[in-house]
Asks: 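Below: one structure in structure tokens.
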Amino acid sequence: MADALVRYEVQAPAAILTLNRPRERNALSPELIDALLEAIERATADRQVRALVVTGAPPAFCSGMDLAELAGVLDDLRVDGRGAVWDAALRGEEVLDALYHCPKPTIAAINGVAAGNGAGLASACDMAVMADGASIGYPEMHSGIQAGMVVVHLMRLVGERAARWLLLRGELVDAPTALQIGLVNAVVPPAEVAPTALAWARQTARNGPLAEAGTKDLLCRFSGQAMALHSTAYTAAPHLTPEAREGLEAFFARRPPPWAPPAEPG
């Protein structure tokens with residue numbers, strides 16, 4: 001269990017799903033994505049589990065897609081709908097959809113940095129509690145990678161003005177800012193993140209399970225930014241562009257991408 005890519009632990013009434021690649025800051029490799037999907041399915045099917053808590057093994061929540069793994073498959077970066085990069089992008093979108101449409105309450109316990117698709121995981125959950133020293137944001141366009149379904153969930157939570165500010169600047173914001181714009185529900189000291197998430201899970205466990213599932217279905221169907229999984233071919237495709245390849249090659253070479261402005265003097 002200690003070596004599992006996603007640690008699965010039941011602390012009644014919740015299943016705690018811990019992303020477990022701490023040396024990689026819990027970056028989303030294809031294997032981790034598959035393990036997380038399996039854990040979500042397991043928790044959804046378990047009648048004893050009334051809520052899901054998603055968190056990361058310290059020091060991070062999730063740093064986003066695993067750019068280091070992409071280094072080995074840059075030659076496969078194409079837009080023809082085939083190949084490992086395309087498949088990984090689609091699976092990443094599928095995780096967000098699984099969390100968003102889960103019939104049980106989902107709670108993000110953000111105990112460290114949440115970037116890119118890591119921020120997307122948090123925003124796809126029903127609720128989010130964040131450590132006061134953590135940060136969150138969407139820096140992927142700095143490497144030429146267009147955001148996908150994270151845009152849908154971000155706009156659903158914070159509105160268009162704040163979403164544009166977060167996505168187009170690409171900078172991480174601190175916990176008080178995330179709370180102010182509505183990206184998270186609460187900010188607490190780091191030691192209180194897990195207890196707060198479990199307290200929320202206990203509160204939701206007072207709900208009738210069928211009433212809760214029906215209410216969540218209505219919330220999903222009538223959200224102003226609702227999007228079905230069938231549209232992920234659109235949202236995943238922009239990840240896989242020649243510009244993204246240029247950006248990633250620059251990232252791995254530790255040099256600015258070709259579109260970056262020159263450094264300011266001094």
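Remember, it's a predicted structure, so these values are computed and weren't measured experimentally. FYI, side chains are in, hydrogens and waters are out, and symmetry mates aren't considered; it's all heavy atoms of this structure.
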Asks: Tell me the salt bridge (Lys or Arg N to Asp or Glu O under 4.0 Å) pairs involving residues 167-180, sequence neighbours left out?
Replies: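 Listed once each, the pairs would be none.
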Asks: Flag the pair C220 / H101 as yes when at least one side-chain heavy-atom distance between them is below 4.5 Å, and no otherwise.
Replies: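 Of all side-chain heavy-atom pairs linking H101 with C220, at least one is under 4.5 Å.
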Asks: So do the side chains of S135 and V173 get within less than 4.5 Å of each other, counting heavy atoms only?
Replies: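 In short, these two side chains do not touch, never coming nearer than 4.5 Å.
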Asks: Just jot down the side-chain hydrogen bond (donor to acceptor under 3.5 Å, both in side chains) partners of R21, sequence neighbours excluded, or say none.
Replies: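 Per chain and number, R21 pairs via side-chain hydrogen bond (donor to acceptor under 3.5 Å, both in side chains) with D66.
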Asks: Answer yes if V187 and L166 sit in the same cluster of Ile, Leu, Val, Met, Phe, Trp and Tyr residues linked by side chain heavy atoms under 4.5 Å apart, and no otherwise.
Replies: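 Linked within one cluster.
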Asks: Linking I/L/V/M/F/W/Y whenever their side-chain heavy atoms sit closer than 4.5 Å, directly or via other members, would Y138 and V184 fall into one cluster?
Replies: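 In one cluster: yes.
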Asks: Count I, L, V, M, F, W, Y as connected when their side-chain heavy atoms are under 4.5 Å apart, and connections chain through other members. Are V49 and L37 then in the same cluster?
Replies: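 Shared cluster, yes.
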Asks: Given P13, which of K104, R202, Q48 fulfils the side chain to side chain contact (heavy atoms under 4.5 Å, CB included) condition?
Replies: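 Considering K104, R202, Q48, a side chain to side chain contact (heavy atoms under 4.5 Å, CB included) with P13 is found only for R202.
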Asks: Working to the nearest 0.5 Å, report the span between CG of L19 and CG of L28.
Replies: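 The CG atom of L19 sits 6.5 Å away from the CG atom of L28.
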Asks: As a quick check of understanding, evaluate side chain to side chain contact (heavy atoms under 4.5 Å, CB included) for I40 and L99, giving each step before the final call.
Replies: CA-CA 7 Å; I40 294 168; L99 282 172; 3.8 Å; yes
Asks: So, for H142 and G170, which heavy atoms are closest and what is the spacing to 0.1 Å?
Replies: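 Smallest heavy-atom distance, with atoms named: CE1-O, 3.5 Å.
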Asks: Using every non-hydrogen atom in the two residues, find where N20 and A4 come nearest and quote the distance to one decimal.
Replies: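 The answer is ND2-O, 2.8 Å.
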Asks: Among residues two or more places apart or on two chains, list those pairs meeting side chain to side chain donor-acceptor pair (under 3.5 Å) that have a residue in residues 106-116.
Replies: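 Residue pairs passing side chain to side chain donor-acceptor pair (under 3.5 Å), neighbours aside: T55-N111, T106-D126.
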Asks: Do F61 and V113 touch side chain to side chain, with heavy atoms closer than 4.5 Å?
Replies: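 The answer is no, as the side chains (C-beta and beyond) never meet within the 4.5 Å cut-off.
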Asks: Applying side-chain hydrogen bond (donor to acceptor under 3.5 Å, both in side chains), name anything that partners D34, two or more places apart in sequence or on another chain.
Replies: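 Only R91 meet the side-chain hydrogen bond (donor to acceptor under 3.5 Å, both in side chains) criterion with D34.
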Asks: Atom OG1 of T215 and atom CG of N207: how far apart are they, to the nearest 0.5 Å?
Replies: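 Going from the OG1 atom of T215 to the CG atom of N207 covers 8.0 Å.
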Asks: If you look at every heavy atom in A122 and A128, which pair is closest and at what distance?
Replies: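 Closest heavy-atom pair between A122 and A128: O-CB, 4.5 Å.
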Asks: Would you please test V95 and L121 for side chain to side chain contact (heavy atoms under 4.5 Å, CB included) and show each step?
Replies: CA-CA 8 Å; V95 169; L121 286 179; 3.3 Å; yes
Asks: Test salt bridge (charged side-chain N to carboxylate O under 4.0 Å, His left out) on R221 and D217 and set out the steps.
Replies: CA-CA 6 Å; R221 285 196 288 144; D217 179 63; 2.9 Å; yes
Asks: Any chance you could measure E38, atom CD, to Y8, atom OH, to the nearest 0.5 Å?
Replies: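 Nearest 0.5 Å value for the CD-OH distance: 12.0 Å.
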Asks: Can you name the nearest heavy-atom pair linking H153 to S123, along with the distance?
Replies: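 Taking H153 first and S123 second, the nearest heavy atoms are CB-OG, 3.4 Å.
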Asks: Kindly compute the distance separating NZ (K216) from SG (C102), expressed to the nearest 0.5 Å.
Replies: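 One gets 5.0 Å once the value is rounded to the nearest 0.5 Å.
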Asks: So, taking the atom named CG in L167 and the one named CE in M155, what distance separates them when rounded to the nearest 0.5 Å?
Replies: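 Between L167 CG and M155 CE, I get 9.0 Å after rounding to 0.5 Å.
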Asks: Can you get from W200 to L219 by hopping between Ile, Leu, Val, Met, Phe, Trp and Tyr side chains that sit under 4.5 Å apart?
Replies: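 The answer is no; the residues belong to distinct hydrophobic clusters.
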Asks: Show every side chain to side chain donor-acceptor pair (under 3.5 Å) that has at least one partner inside residues 180-197, sequence neighbours left out.
Replies: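 Matches after skipping sequence neighbours: none remain.
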Asks: Do V193 and M130 come within less than 4.5 Å of each other through their side chains, counting heavy atoms only?
Replies: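 In short, these two side chains do not touch, never coming nearer than 4.5 Å.
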Asks: So, do V6 and L32 sit near enough that their side-chain heavy atoms are less than 4.5 Å apart?
Replies: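 When only atoms from C-beta onward are counted, L32 and V6 do touch, with a gap below 4.5 Å.
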Asks: Testing the basics here: between A115 and L172, what is the closest heavy-atom pair and its distance to 0.1 Å?
Replies: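 What the structure gives for the nearest pair is CB-CD2, 4.1 Å.
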Asks: State, with a plain yes or no, whether a side-chain heavy atom of E243 is found less than 4.5 Å away from one of W259.
Replies: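 They are in contact (side-chain heavy atoms under 4.5 Å apart), so the answer is yes.
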Asks: Is there a side-chain contact between C62 and N117 (heavy atoms, below 4.5 Å)?
Replies: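 A side-chain contact is absent here, since even the closest heavy-atom pair is not under 4.5 Å.
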Asks: Would you say V188 and V54 are hydrophobically clustered, going by side-chain heavy atoms of ILVMFWY under 4.5 Å?
Replies: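 Cluster IDs for V188 and V54 differ.
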Asks: Given L17 and V53, is the side chain to side chain contact (heavy atoms under 4.5 Å, CB included) satisfied, shown in steps?
Replies: CA-CA 6 Å; L17 315 182; V53 174; over 6 Å; no
Asks: Do any side-chain atoms of residues 158-165 form donor-acceptor pairs under 3.5 angstrom with protein atoms, and if so which ones, sequence neighbours left out?
Replies:
unit_1, atom_1, unit_2, atom_2, d
E160, OE2, R164, NE, 2.7
E160, OE2, R164, NH2, 2.6

Asks: If you round to the nearest 0.5 Å, how far is OH of Y100 from CZ of R156?
Replies: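 Spacing of CZ (R156) from OH (Y100) equals 4.5 Å.
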Asks: Hey, mind stepping through I110 and V129 against side chain to side chain contact (heavy atoms under 4.5 Å, CB included) and telling me if it holds?
Replies: CA-CA 6 Å; I110 306 170; V129 56; over 6 Å; no
Asks: Does any part of the side chain of E212, heavy atoms only, come nearer than 4.5 Å to the side chain of P103, both counted from C-beta?
Replies: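 Not in contact.
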Asks: If every non-hydrogen atom of R50 is compared with every non-hydrogen atom of G208, which pair is closest and at what distance?
Replies: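 Looking at all heavy atoms of both residues, the shortest contact is NH2-C, 4.3 Å.
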